[in-house]
Amino acid sequence: MLTIYNTANHRKEVFKPVHEGEVRFYGCGPTIYNYAHIGNMRAFVFYDLLNRYLRYKGYKVTFCMNLTDIDDKTIRDSQKAGKKLREFTDFYGEEFMKDCATLHIQKPDIVPRATEEIPAMITLIQNLLDKGFAYKTEKGDVYFKIDQDPNYGQMAGIDAKNLRVNADGRLAQDEYEKENAQDFALWKGWVKEDGDNYWETPWGKGRPGWHIECSAMSKKYLGQPFDIHTGGVDLIFPHHTNEIAQSECAYGTKFVNYWMHNEHITVNGQKMSKSLGNCFTVNDLLKKGYSAEAIRYEFIKAHYRQKMDFQESALAGNQSVVDKFGNFMIRLKNEVNGEGWNDLPEALDVVQAGFEKGMDDDLNTSVALSELFDFMTKVNKNFDKLSLENAKNIQKVMEKFDSVLAIFPSLKQQSLTPEQERLIKTRQAARLAKDWGTADALKKELLDQGIEVKDTPTGPVWRII
RNA sequence: GGUCGGUUGGCAGAAUGGCUUAUGCAGAGGACUGCAAAUCCUUUUAUACUGGUUCGAUUCCGGUACCGACCUCCA
């Protein structure tokens, strides 16, 4: 039974989907104006883990994640780059998808782009205007009137009356054409800095505000209410707070049943920032020689709601773990020749139950992983007993776990040329003759061809590395 | 100023009113081994401090210290 920590209620709840056997979930995607850094990627690995585990559980999942391709930053930086907005965001959108693929993040079922969903946003805004939850200004902006919404800020624990206006001093003075400083923009009227980035609407030309896109797209693709909405903790307020306000006021029904938020990471003990130069991208880390699996494992090994410090030094240790999984899987393929291990069925039951118990508890990957380690130790202890059928069953269950975790290194095609087979036989003959010089020379020769040979009591085994 | 979270060994990180405070990494020692690799075994004063409740608290309640998040850019 899957339980989920629901930010809306601040407690774990048993998950019950709107439609039996189906899950519809929405994750706030990136703004594609630059390369994604590892802090962004933690969120997307978290979404992916959820997506994969829901499928593991047998749900028919519809996962929708947006790409924000219109906002202040995309407009500003595309102009700086001397490019059309679309060309500019296409590039970073593709880079983002590449990073996701590298980290074994499965593509969401639906990946809408804000600029292609303007009609849905116009409908939603018009609805709010008609119902008196929004108002236009002379500049052509449309704002949401938060004092019309008695539930505003509930999830974030924010009382609208006590909002500290301009807490960080970040609001520009000229933004105060609103009736109330806390009202937020649904639509921004065209200004000349926007260039040709505008759309025509019944209330004038302009572009969408930040929050409206997620409300409009999730309604369009998932309906309302839908099951799960994910995002980083920073989005609880204002972004998700405003999404709730817009959607619930517009349609008079609940917006989302379960809100899940991942915590942020720091890097080597410090908050990520451009000035510190610690906004690593996936590519930066790959260039340093860390594997994609080691990077993904860094995100998987800790709970998604736990703040974590991303330490580069940890990646080497992660590689050991990933290799441990790899060794385990390849030995099952190459080294099994026993009579059969009678306790395997029980061990399989234990590990399966343990894995699911951990994952069912709000995606507690630490517990799930510890069950896998215990299981592997048990199997390794009895390795010489394993039959081919035993090995198949173990591989099957491990691959099932990895369909969720996606941290096992991919196995290379394991096959030898006749010449390589001959070399291994020659080497073994040399070993039996205690001709260590020849044996070691042949071992090196094979290794240069990417073949690692190990000697076991029952003879040599090899693998392509 | 308001709201919320955290503090577990060398590091990462679970869990729990008692029975082993998991698991992994790193280090040390050992087994196996021609060497290597893999694997197995053993191992290091870990629950911030403090008061309370309790037969018993790392866990529940209070206080203190420190760290952090959010309060209209943000994964």
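Just so you know, these numbers use all the heavy atoms, side chains as well, and skip hydrogens, waters and symmetry mates. Each chain gets a letter, A, B and so on, in the order its sequence line appears, and its residues count up from 1.
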Stacking of H264(A) on A75(B) base (centres under 5.5 Å, planes under 30°): yes
Strand partner of C60(B), provided both Watson-Crick or wobble distances fall under 3.5 Å: G52(B)
Base paired to C70(B) (Watson-Crick or G-U; both N/O distances under 3.5 angstrom): G2(B)
Whole-Å distance separating the CD atom of E312(A) from the C1' atom of A12(B): 16 Å
Proximal nucleotide (of U72(B), A75(B), U23(B)) relative to the Q182(A) side chain: U72(B)
Nearest to side-chain heavy atoms of E452(A), which nucleotide of G34(B), A15(B), A37(B): A37(B)
Pairwise C1' distance for A46(B) and U59(B), with rounding to whole Å: 15 Å
Atom-pair distance (CG on N66(A); P on A75(B)), nearest Å: 11 Å
5′-ward residue of the pair H10(A)/Q311(A) relative to RNA chain B: H10(A)
Atom CD of Q154(A): over 12 foreign heavy atoms under 6.0 Å: no
Beyond-backbone contact of Y35(A) with F91(A), side-chain heavy atoms, under 4.5 angstrom: yes
Nearest-nucleotide pick for D455(A), side chain only, options being U39(B), C71(B), G34(B): G34(B)
Options C35(B), A75(B), U23(B), nucleotide nearest the side-chain atoms of D234(A): A75(B)
Length of the CG-C1' vector between D435(A) and C35(B), whole Å: 14 Å
Mate of G34(B) where both pairing distances stay under 3.5 Å, Watson-Crick or G-U: none
Criterion side chain to side chain contact (heavy atoms under 4.5 Å, CB included) on Q148(A) and C249(A), from CA distance to verdict: CA-CA 9 Å; Q148(A) 286 293 301; C249(A) 289; over 6 Å; no
d(OH, Y297(A); C1', A12(B)) in whole Å: 9 Å
Listed nucleotide nearest any side-chain atom of N327(A), set G13(B), A38(B), G68(B): A38(B)
Phosphate OP1/OP2 of U39(B): any T377(A) side-chain N/O under 4.0 Å: no
Touch class at under 4.0 angstrom, heavy-atom based, for M65(A) against every strand present: nothing
Beyond-backbone contact of D343(A) with N382(A), side-chain heavy atoms, under 4.5 angstrom: no
Under-4.0 Å side-chain N/O to phosphate OP1/OP2 contact, Q306(A) with A14(B): yes
Sugar-phosphate, base or nothing in reach of K324(A), heavy atoms under 4.0 Å: sugar-phosphate
A14(B) phosphate, OP1 or OP2, under 4.0 Å from N364(A) side-chain N/O: no
Residue from D435(A), D440(A), D455(A) passing salt bridge (charged side-chain N to carboxylate O under 4.0 Å, His left out) with R427(A): D455(A)
Complementary nucleotide of A65(B), counting Watson-Crick and G-U pairs under 3.5 Å: U7(B)
Gap between atoms CG and P, on D323(A) and A26(B) respectively (whole Å): 10 Å
Exercise: do D284(A) and T281(A) side chains pair donor with acceptor under 3.5 Å: yes
Salt bridge present between K288(A) and E312(A) (N-O < 4.0 angstrom): yes
Phosphate OP1/OP2 of C41(B): any K381(A) side-chain N/O under 4.0 Å: yes
Inter-nucleotide C1' distance (G10(B), U44(B)), Å rounded: 9 Å
Candidate nucleotides A15(B), A75(B), G13(B), ranked by approach to the side chain of V367(A) - the nearest: A15(B)
Pairwise P distance for C49(B) and G9(B), with rounding to whole Å: 11 Å
C1' atoms of U54(B) and A12(B), separation to the nearest Å: 34 Å
Separation of atom CZ in F328(A) from atom P in U23(B), rounded to whole Å: 17 Å
Check: G24(B) base within 3.5 Å donor-acceptor of N318(A) side chain: no
Nearest listed nucleotide, side chain of V321(A), among A75(B), A12(B), G24(B): G24(B)
Sugar-phosphate, base or nothing in reach of L235(A), heavy atoms under 4.0 Å: sugar-phosphate
G6(B) versus A14(B) - spacing of their C1' atoms, nearest Å: 15 Å
Nucleotide forming a Watson-Crick or wobble pair with A14(B), both distances under 3.5 Å: none
Whole-angstrom distance between U21(B) and U8(B), as gauged at atom C1': 8 Å
Given K357(A), R11(A), K12(A), R305(A), the one that forms salt bridge (charged side-chain N to carboxylate O under 4.0 Å, His left out) with D362(A): R305(A)
Touch class at under 4.0 angstrom, heavy-atom based, for H303(A) against every strand present: sugar-phosphate
Check: L369(A) and I407(A) side chains under 4.5 Å, non-hydrogen atoms: yes
Sugar-phosphate, base or nothing in reach of V233(A), heavy atoms under 4.0 Å: nothing
Sugar-phosphate only, base, or nothing, as touched by R331(A) at under 4.0 Å among non-hydrogen atoms: sugar-phosphate
Distance between C1' atoms of A57(B) and G18(B) (Å, rounded): 10 Å
Sugar-phosphate, base or nothing in reach of G231(A), heavy atoms under 4.0 Å: sugar-phosphate
Distance between P atoms of G24(B) and G62(B) (Å, rounded): 36 Å
Sugar-phosphate only, base, or nothing, as touched by A302(A) at under 4.0 Å among non-hydrogen atoms: sugar-phosphate
Atom pair distance, as rounded to whole Å: CD1 in I300(A) and P in C25(B): 17 Å
Whole-Å gap separating P (G34(B)) and NZ (K434(A)): 7 Å
Touch class at under 4.0 angstrom, heavy-atom based, for D374(A) against every strand present: sugar-phosphate
First encountered from the 5' end of RNA chain B, between G39(A) and A439(A): A439(A)
Phosphate OP1/OP2 of U39(B) contacted by N380(A) side-chain N/O (<4.0 Å): no
Y304(A) six-ring face occupied by R42(A) cation (under 6.0 Å, within 45°): no
Base-pairing assignment for G27(B) (Watson-Crick or G-U wobble, both under 3.5 Å): U43(B)
